[in-house]
Amino acid sequence: MATSLTISRLLSPASMSLSTATTTRTAPKSLASKFSLSPLALKLNHRSRLTPLSFATRTTPISAILSVGDKLPDATLSYFDSAGELQTTTISALTSGKRAILFAVPGAFTPTCSQKHLPGFVEKAGELKAKGVDTIACISVNDAFVMRAWKENIGVKDEVLLLSDGNGEFTKKIGCELDLSDKPVGLGIRSRRYSLLADDGVVKVLNLEEGGAFTSSGAEDILKVL
(Lines give C-alpha, C1' and ligand atoms only; values in the text may rest on other atoms or scores of the structure.)
Protein backbone atom coordinates (compact mmCIF):
# COMPACT_ATOMS: atom_id res chain seq x y z
CA MET A 1 0.00 0.00 0.00
CA ALA A 2 1.34 3.41 -0.94
CA THR A 3 0.63 6.33 1.30
CA SER A 4 3.60 8.64 1.04
CA LEU A 5 5.03 9.05 -2.41
CA THR A 6 6.40 11.72 -4.54
CA ILE A 7 5.36 14.14 -7.18
CA SER A 8 7.23 15.90 -9.85
CA ARG A 9 7.51 19.51 -10.61
CA LEU A 10 6.27 20.81 -13.83
CA LEU A 11 8.32 21.92 -16.71
CA SER A 12 7.61 23.55 -19.95
CA PRO A 13 8.47 26.70 -21.80
CA ALA A 14 6.69 29.77 -20.50
CA SER A 15 6.11 30.76 -24.08
CA MET A 16 3.70 27.85 -24.46
CA SER A 17 0.47 29.14 -22.98
CA LEU A 18 -2.53 27.14 -21.79
CA SER A 19 -5.60 28.95 -22.92
CA THR A 20 -9.27 28.17 -22.61
CA ALA A 21 -10.25 30.42 -25.46
CA THR A 22 -11.89 28.74 -28.43
CA THR A 23 -10.15 29.27 -31.75
CA THR A 24 -12.33 31.18 -34.19
CA ARG A 25 -12.61 29.35 -37.47
CA THR A 26 -12.93 31.34 -40.66
CA ALA A 27 -13.88 30.28 -44.13
CA PRO A 28 -10.83 29.32 -46.23
CA LYS A 29 -9.65 31.84 -48.78
CA SER A 30 -7.82 31.22 -51.99
CA LEU A 31 -4.04 31.08 -51.87
CA ALA A 32 -3.88 33.76 -54.50
CA SER A 33 -5.62 36.25 -52.21
CA LYS A 34 -3.37 35.47 -49.23
CA PHE A 35 0.07 34.81 -50.63
CA SER A 36 2.42 36.15 -53.25
CA LEU A 37 3.59 33.69 -55.87
CA SER A 38 7.13 34.10 -54.56
CA PRO A 39 8.34 31.06 -52.55
CA LEU A 40 10.03 33.39 -50.04
CA ALA A 41 6.83 35.38 -49.55
CA LEU A 42 4.90 32.17 -49.04
CA LYS A 43 7.37 31.02 -46.40
CA LEU A 44 7.33 34.31 -44.49
CA ASN A 45 3.55 34.57 -44.64
CA HIS A 46 3.20 31.03 -43.25
CA ARG A 47 5.51 31.75 -40.31
CA SER A 48 3.63 34.89 -39.35
CA ARG A 49 0.45 32.87 -38.78
CA LEU A 50 1.90 30.37 -36.27
CA THR A 51 0.12 30.33 -32.91
CA PRO A 52 1.26 29.04 -29.50
CA LEU A 53 0.13 25.68 -28.09
CA SER A 54 -3.23 25.88 -26.35
CA PHE A 55 -5.26 23.41 -24.27
CA ALA A 56 -8.50 25.07 -25.38
CA THR A 57 -11.18 22.68 -26.59
CA ARG A 58 -14.17 23.23 -28.79
CA THR A 59 -16.50 22.89 -25.83
CA THR A 60 -15.25 22.94 -22.23
CA PRO A 61 -18.17 23.26 -19.82
CA ILE A 62 -17.20 22.88 -16.16
CA SER A 63 -19.01 19.73 -15.17
CA ALA A 64 -18.27 16.37 -13.60
CA ILE A 65 -20.07 13.37 -12.21
CA LEU A 66 -18.27 13.94 -8.90
CA SER A 67 -19.42 16.57 -6.41
CA VAL A 68 -18.83 17.57 -2.79
CA GLY A 69 -20.27 14.98 -0.42
CA ASP A 70 -19.72 12.05 -2.79
CA LYS A 71 -17.72 8.96 -1.96
CA LEU A 72 -14.76 8.62 -4.30
CA PRO A 73 -15.12 5.66 -6.68
CA ASP A 74 -12.39 3.09 -6.43
CA ALA A 75 -9.85 2.60 -9.20
CA THR A 76 -6.37 1.17 -9.62
CA LEU A 77 -3.43 3.48 -10.28
CA SER A 78 0.23 2.66 -10.90
CA TYR A 79 3.65 4.10 -10.08
CA PHE A 80 7.29 3.15 -9.72
CA ASP A 81 8.65 2.89 -6.18
CA SER A 82 12.08 4.09 -5.02
CA ALA A 83 13.59 0.73 -5.98
CA GLY A 84 12.34 1.08 -9.55
CA GLU A 85 9.65 -1.58 -9.16
CA LEU A 86 6.25 -1.05 -10.74
CA GLN A 87 3.56 -0.92 -8.07
CA THR A 88 -0.19 -0.40 -7.98
CA THR A 89 -2.42 1.24 -5.43
CA THR A 90 -6.10 2.09 -5.24
CA ILE A 91 -8.11 5.19 -4.46
CA SER A 92 -9.53 3.43 -1.41
CA ALA A 93 -6.05 2.58 -0.12
CA LEU A 94 -4.99 6.21 -0.53
CA THR A 95 -8.05 7.72 1.15
CA SER A 96 -9.71 5.27 3.57
CA GLY A 97 -9.36 6.50 7.13
CA LYS A 98 -7.19 9.38 5.92
CA ARG A 99 -7.31 13.00 4.92
CA ALA A 100 -6.09 13.05 1.35
CA ILE A 101 -5.49 15.59 -1.39
CA LEU A 102 -5.77 14.36 -4.96
CA PHE A 103 -5.02 16.70 -7.83
CA ALA A 104 -4.95 16.04 -11.54
CA VAL A 105 -3.07 17.55 -14.46
CA PRO A 106 -3.77 17.30 -18.21
CA GLY A 107 -0.30 15.92 -18.85
CA ALA A 108 3.19 15.33 -17.48
CA PHE A 109 5.86 17.62 -18.92
CA THR A 110 3.29 20.16 -20.12
CA PRO A 111 3.81 23.86 -19.31
CA THR A 112 1.45 24.85 -16.49
CA CYS A 113 1.55 21.39 -14.95
CA SER A 114 5.34 21.46 -14.73
CA GLN A 115 5.86 25.12 -13.87
CA LYS A 116 3.01 25.80 -11.45
CA HIS A 117 0.56 23.07 -10.48
CA LEU A 118 2.83 20.25 -9.35
CA PRO A 119 5.62 22.49 -7.95
CA GLY A 120 3.04 24.33 -5.86
CA PHE A 121 2.00 21.16 -4.05
CA VAL A 122 5.61 20.05 -3.62
CA GLU A 123 6.47 23.41 -2.09
CA LYS A 124 3.45 23.47 0.24
CA ALA A 125 3.50 19.76 1.17
CA GLY A 126 4.93 20.45 4.62
CA GLU A 127 2.27 23.04 5.43
CA LEU A 128 -0.50 20.82 4.13
CA LYS A 129 0.64 17.84 6.17
CA ALA A 130 1.05 20.03 9.25
CA LYS A 131 -2.67 20.79 8.92
CA GLY A 132 -3.58 17.10 9.04
CA VAL A 133 -3.26 15.93 5.45
CA ASP A 134 -1.95 12.35 5.26
CA THR A 135 -1.62 11.86 1.52
CA ILE A 136 -0.93 14.18 -1.42
CA ALA A 137 -1.13 12.58 -4.84
CA CYS A 138 -0.92 13.85 -8.40
CA ILE A 139 -2.91 11.93 -11.01
CA SER A 140 -2.47 12.09 -14.76
CA VAL A 141 -3.64 10.11 -17.77
CA ASN A 142 -0.05 9.19 -18.64
CA ASP A 143 1.67 5.83 -18.35
CA ALA A 144 3.76 5.00 -15.28
CA PHE A 145 7.03 5.31 -17.22
CA VAL A 146 6.25 8.88 -18.21
CA MET A 147 5.24 9.73 -14.64
CA ARG A 148 8.51 8.32 -13.32
CA ALA A 149 10.53 10.31 -15.85
CA TRP A 150 8.61 13.48 -14.93
CA LYS A 151 9.23 12.88 -11.23
CA GLU A 152 12.95 12.38 -11.78
CA ASN A 153 13.19 15.37 -14.11
CA ILE A 154 11.62 17.71 -11.57
CA GLY A 155 13.37 16.12 -8.61
CA VAL A 156 10.33 15.25 -6.52
CA LYS A 157 11.13 13.27 -3.38
CA ASP A 158 8.41 12.02 -1.04
CA GLU A 159 6.40 15.25 -0.89
CA VAL A 160 3.87 14.10 -3.47
CA LEU A 161 2.98 10.75 -4.99
CA LEU A 162 2.83 10.75 -8.80
CA LEU A 163 0.25 8.27 -10.02
CA SER A 164 -0.57 6.98 -13.47
CA ASP A 165 -4.21 6.67 -14.49
CA GLY A 166 -2.96 5.36 -17.80
CA ASN A 167 -6.28 4.05 -19.12
CA GLY A 168 -8.27 6.92 -17.61
CA GLU A 169 -10.22 4.56 -15.34
CA PHE A 170 -10.52 6.92 -12.38
CA THR A 171 -10.82 10.00 -14.59
CA LYS A 172 -13.79 8.50 -16.43
CA LYS A 173 -15.48 7.37 -13.22
CA ILE A 174 -15.55 10.92 -11.86
CA GLY A 175 -16.51 12.44 -15.23
CA CYS A 176 -13.37 14.55 -15.67
CA GLU A 177 -12.29 13.54 -19.18
CA LEU A 178 -10.78 16.32 -21.28
CA ASP A 179 -10.82 15.75 -25.04
CA LEU A 180 -7.68 17.28 -26.55
CA SER A 181 -7.72 15.10 -29.66
CA ASP A 182 -8.13 18.18 -31.87
CA LYS A 183 -4.68 19.42 -30.79
CA PRO A 184 -1.69 18.83 -33.11
CA VAL A 185 0.55 17.54 -30.30
CA GLY A 186 -1.41 14.30 -29.96
CA LEU A 187 -2.68 14.56 -26.37
CA GLY A 188 -5.92 12.68 -27.00
CA ILE A 189 -8.22 12.11 -24.01
CA ARG A 190 -6.73 13.45 -20.77
CA SER A 191 -7.97 14.66 -17.38
CA ARG A 192 -9.34 18.05 -16.54
CA ARG A 193 -7.25 19.94 -14.04
CA TYR A 194 -8.66 19.77 -10.51
CA SER A 195 -7.80 19.40 -6.86
CA LEU A 196 -9.90 17.79 -4.17
CA LEU A 197 -9.75 17.18 -0.45
CA ALA A 198 -11.23 13.90 0.76
CA ASP A 199 -11.85 12.79 4.34
CA ASP A 200 -12.10 9.01 4.65
CA GLY A 201 -12.85 8.85 0.94
CA VAL A 202 -15.63 11.46 0.99
CA VAL A 203 -15.11 14.63 -1.04
CA LYS A 204 -15.05 17.71 1.18
CA VAL A 205 -13.60 20.23 -1.30
CA LEU A 206 -13.60 20.07 -5.10
CA ASN A 207 -11.86 22.67 -7.27
CA LEU A 208 -12.59 21.77 -10.89
CA GLU A 209 -10.99 23.86 -13.62
CA GLU A 210 -12.30 24.55 -17.09
CA GLY A 211 -10.14 22.51 -19.45
CA GLY A 212 -6.48 23.03 -18.69
CA ALA A 213 -6.93 26.41 -16.98
CA PHE A 214 -5.16 27.00 -13.67
CA THR A 215 -7.11 29.42 -11.49
CA SER A 216 -8.47 27.63 -8.42
CA SER A 217 -6.91 24.17 -8.05
CA GLY A 218 -3.50 25.03 -6.59
CA ALA A 219 -2.00 24.15 -3.23
CA GLU A 220 -2.81 27.62 -1.87
CA ASP A 221 -6.49 27.11 -2.66
CA ILE A 222 -6.55 23.92 -0.55
CA LEU A 223 -4.58 25.55 2.26
CA LYS A 224 -7.23 28.26 2.53
CA VAL A 225 -9.92 25.75 3.49
CA LEU A 226 -7.93 23.63 5.93
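In this chain, residues are counted from 1 in sequence order. Every heavy atom of this structure was used, including side-chain atoms; hydrogens, water molecules and symmetry mates were not.
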side-chain contact (heavy atoms from CB on, under 4.5 Å) evaluation trace for Thr135 with Arg99 = CA-CA 7 Å; Thr135 303; Arg99 207 174 191 194; over 6 Å; no
For Thr89 and Leu163, run side-chain contact (heavy atoms from CB on, under 4.5 Å): C-alpha distance rounded to whole Å, both residues' side-chain angles, the deciding distance at 0.1 Å, then the answer.
-> CA-CA 9 Å; Thr89 188; Leu163 299 172; 4.0 Å; yes
Test Glu209 against Arg192 for salt bridge (charged side-chain N to carboxylate O under 4.0 Å, His left out), laying out the working first.
-> CA-CA 7 Å; Glu209 303 275 12; Arg192 287 185 180 276; over 6 Å; no
Just do the side-chain contact (heavy atoms from CB on, under 4.5 Å) check on Leu66 and Tyr194 with the steps written out, would you?
-> CA-CA 11 Å; Leu66 191 69; Tyr194 64 81; over 6 Å; no
Give the intermediate values and the outcome of side-chain contact (heavy atoms from CB on, under 4.5 Å) for residues Leu187 and Ser181.
-> CA-CA 6 Å; Leu187 292 171; Ser181 58; over 6 Å; no
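Taking the side chain as every heavy atom from C-beta outward, Leu72 and Val203 approach each other to under 4.5 Å. Within the 4.5 Å cutoff, side-chain heavy atoms of Ile101 are placed close to those of Leu128. Side chains of Tyr79 and Thr88 form no contact here, defined as non-hydrogen atoms less than 4.5 Å apart. Two residues are said to be in side-chain contact when any heavy atoms from C-beta on lie closer than 4.5 Å; Leu86 and Ser78 meet this criterion.
Ser216 and Asp221 are not linked by any side-chain donor-acceptor pair at a separation below 3.5 angstrom, with hydrogens and angles left out of the test.
Leu197 contributes atom CG, which lies 9.0 Å from atom CG of Leu102 (distance to the nearest 0.5 angstrom). Between the OG atom in Ser67 and the CD1 atom in Ile174 there is a gap of 11.5 Å [rounded to 0.5 Å]. Taking NZ of Lys172 as the reference point, atom OG of Ser191 lies at 12.0 Å (rounded to 0.5 Å). Remark: Leu77 CG to Ile91 CD1 distance equals 4.5 Å, nearest 0.5 Å. Taking OG1 of Thr90 as the start and CZ of Phe170 as the end, the distance is 11.0 Å to the nearest 0.5 Å. Taking CD1 of Ile222 as the reference point, atom CD of Glu220 lies at 11.0 Å (rounded to 0.5 Å).
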Can I get a per-line list of side-chain donor-acceptor pairs under 3.5 Å for residues 136-143, giving both atom names and the distance, sequence neighbours left out?
residue: Ser140; atom: OG; partner: Asn142; partner atom: OD1; Å: 2.6
residue: Asn142; atom: OD1; partner: Ala108; partner atom: N; Å: 2.9
residue: Asp143; atom: OD1; partner: Phe145; partner atom: N; Å: 2.9
residue: Asp143; atom: OD1; partner: Val146; partner atom: N; Å: 2.8

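Nearest heavy-atom pair, Val68 versus Leu206, reported as atom, atom and distance to 0.1 Å: CG2-N, 4.0 Å. For the residue pair Phe80 and Lys151, the shortest heavy atom distance occurs at O-NZ, 4.3 Å. Contact between Lys116 and Phe214 at its shortest, heavy atoms only, is CB-CE2, 3.6 Å. Among all heavy-atom pairs drawn from Thr171 and Arg190, the shortest one is CG2-O, 4.1 Å. Nearest heavy-atom pair across Asp134 and Lys129 is O-CE, 4.5 Å. Among all heavy-atom pairs drawn from His117 and Ser217, the shortest one is NE2-O, 3.0 Å.
Other residues, nucleotides and ligands contribute at most 12 non-hydrogen atoms within 6.0 Å of the NZ atom of Lys131. Other residues, nucleotides and ligands place more than 12 heavy atoms under 6.0 Å from the CG atom of Asp200.
Thr110 places a side-chain N or O within donor-acceptor distance of the main-chain N or O of Gly107, the cut-off being under 3.5 Å. Counting only distance, with no hydrogens or angles, the side chain of Asp81 and the backbone of Gly84 share a donor-acceptor pair below 3.5 Å. Side-chain N or O atoms of Lys98 include none that pairs as donor or acceptor with a backbone N or O of Ala198 at under 3.5 Å. Without hydrogens or angle criteria, Arg193 side chain to Val105 main chain gives no donor-acceptor distance under 3.5 Å.
Phe103 and Phe121 have their aromatic ring centers within a separation under 6.0 angstrom.
Salt-bridge formation is detected for the pair Glu169/Lys173: a Lys NZ or Arg NE/NH1/NH2 atom is positioned less than 4.0 Å from an Asp or Glu carboxylate oxygen.
Hydrophobic clustering of Ile, Leu, Val, Met, Phe, Trp and Tyr side chains at less than 4.5 Å, counting indirect connections, unites Val205 with Leu223.
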